[in-house]
Chemist: 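Starting off with a structure, shown below.
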Protein chains: 2
Amino acid sequence: METIEQVLESKNIRVTAMRLLIYKFLAEKQVAATLSDIEKAFEKADRTTLYRTVKTFVEKAIVHQIDDGTGITKYALCEQDCSCEIETDLHLHFHCNNCNETICLTDHKIPKIKVPDGFISEQINLVVKGLCDKCSA
Amino acid sequence: METIEQVLESKNIRVTAMRLLIYKFLAEKQVAATLSDIEKAFEKADRTTLYRTVKTFVEKAIVHQIDDGTGITKYALCEQDCSCEIETDLHLHFHCNNCNETICLTDHKIPKIKVPDGFISEQINLVVKGLCDKCSA
DNA sequence: AAACCCATGCAATAGAAGTGCATTTTTATG
DNA sequence: CATAAAAATGCACTTCTATTGCATGGGTTT
Ligand SMILES: [Mn+2]
Ligand SMILES: [Mn+2]
Ligand SMILES: [Zn+2]
Ligand SMILES: [Zn+2]
């Protein structure tokens, strides 16, 4: 089992207190977090620091960025050995219209999508909206 | 062949000069338009009017709203008899990473997506990014 | 003609995202 | 250990999209 420090170092991310805290926050959260969620969790810290920390995580590919259509970017830790870049590895995301939370469905990969002749597919974003398991009962 | 006036009236949208112009603008455009595109096309008109006109069109379901992941909402006329709401009728959208335009692939319906037990799917947003036919050559 | 509804215009606000620069903290180097 | 360099953090400010309140005015209805 890798420690958080090891995860960060393996991606050439300097270990700082703030980064450890944010990583842990994302790891414990079962749903994708907005920057504003992170702000609320760390009120002492400056917004810019949180913003840049998450940005670093995204650039170094330990966090992926989710556009669920709400207009607010969400973030979630990548799975181990995830290759966010590779099209065939991407999972789909579910956004609950009731509780407003967004969940990574890491076991549900995106099916092959056909595009017209002449078009070249590089990335795919697939978001399903509806009711999550907690809200559908 | 329905006139624009008839289209609007059939959806209980009052016909005004502005609305006819915006409808025509969207009809002639081959790609999805941003509010800012519409602004540039009608510099004499107030932004709010354009905003509310498009909003009306969306609410009355003659225009659909596209979130292509750029963070800027795009708009495109619905196909005739389109039912934007119904999951099975939705087409996918293509966003070109080069020319930055977004295109409705109205002939490419979204495949059936499986979600985990307990989740209820109501809408699906599928955006493919890459190179469009004009940019891939 | 009068009353009313609704589209339009203007001004202001909200909210997310991003940037420049000063300061502090960490790391590297002698 | 002392010091210089590099990187992270904090604060202020900006940009850009989206949205709302309120006044005005044109068209519709009675
Ligand atoms: Mn995810
Ligand atoms: Mn479309
Ligand atoms: Zn829910
Ligand atoms: Zn293109």
Chemist: How many whole angstroms separate atom CG of A/Asp46 from atom P of C/dA17?
Modeler: 15 Å
Chemist: Excluding sequence neighbours, so at least two apart, what forms side chain to side chain donor-acceptor pair (under 3.5 Å) with A/Thr106?
Modeler: none
Chemist: Working to the nearest 0.5 Å, report the span between CD1 of B/Ile110 and CG of B/Leu126.
Modeler: 5.0 Å
Chemist: For DNA chain C, which residues in residues 11-41 of chain A have a heavy atom at a distance below 4.0 Å?
Modeler: A/Arg14
Chemist: Hey, does B/Leu92 have a side-chain heavy atom less than 4.5 Å from the side chain of B/Val127?
Modeler: no
Chemist: With sequence neighbours left out, write down each residue that passes side chain to side chain donor-acceptor pair (under 3.5 Å) with B/Ser136, or none if nothing qualifies.
Modeler: none
Chemist: If you look only at pairs with a residue in residues 5-45 of chain B, which of them pass as a ring pair (Phe, Tyr, Trp, His ring centres under 6.0 Å), with sequence neighbours excluded?
Modeler: B/Phe25-B/Phe42
Chemist: I need the CD-C1' distance between B/Glu59 and D/dT19, as an integer number of Å.
Modeler: 13 Å
Chemist: Could you identify which residues cluster with A/Leu131, counting Ile, Leu, Val, Met, Phe, Trp and Tyr as linked when any side-chain heavy atoms lie under 4.5 Å apart, either directly or through a chain of such contacts?
Modeler: B/Ile120
Chemist: For the helix from C/dA1-D/dT30 to C/dG30-D/dC1, what is the angle between the axes at its two ends, each from 5 pairs, rounded to 10°?
Modeler: 20°
Chemist: Show the atom names and distances, to 0.1 Å, of all donor-acceptor pairs under 3.5 Å that link a side chain in residues 98-105 of chain B to residues at least two apart or in another chain.
Modeler:
residue, atom, partner, partner atom, Å
B/Asn100, OD1, B/His95, NE2, 3.2
B/Thr102, OG1, B/Asp68, OD2, 2.5
B/Thr102, OG1, B/Lys74, NZ, 3.4
B/Thr102, OG1, B/His95, ND1, 2.9

Chemist: From CD of B/Glu9 over to C1' of D/dT28, roughly how many Å is that when rounded to an integer?
Modeler: 14 Å
Chemist: Extract all donor-acceptor atom pairs below 3.5 Å that involve side chains of residues 7-19 of chain B and protein atoms in other chains or at least two apart in sequence.
Modeler:
residue, atom, partner, partner atom, Å
B/Ser10, OG, B/Gln6, O, 3.4
B/Ser10, OG, B/Val7, O, 2.7
B/Thr16, OG1, B/Arg19, N, 3.2
B/Arg19, NH1, B/Arg14, O, 3.0

Chemist: Output the rounded distance in Å from CD1 (A/Ile72) to P (D/dT19).
Modeler: 11 Å
Chemist: Between side-chain atoms of residues 48-59 of chain A and protein atoms elsewhere (two or more places apart, or another chain), which donor-acceptor pairs fall under 3.5 Å?
Modeler:
residue, atom, partner, partner atom, Å
A/Thr48, OG1, A/Asp46, OD2, 2.9
A/Thr53, OG1, A/Thr49, O, 2.7
A/Thr56, OG1, A/Arg52, O, 2.9

Chemist: Between residues 47-55 of chain B and DNA chain D, which residues have a heavy-atom gap below 4.0 Å?
Modeler: B/Arg47, B/Thr48, B/Tyr51, B/Arg52, B/Lys55
Chemist: Rounded to the nearest angstrom, tell me the gap between atom OH in A/Tyr75 and atom P in C/dA16.
Modeler: 12 Å
Chemist: Ring pair (Phe, Tyr, Trp, His ring centres under 6.0 Å): which pairs involve residues 102-134 of chain B, sequence neighbours left out?
Modeler: A/Phe94-B/Phe119
Chemist: Restricting to side chain to side chain donor-acceptor pair (under 3.5 Å), what partner residues turn up for A/Asp67, sequence neighbours left out?
Modeler: none
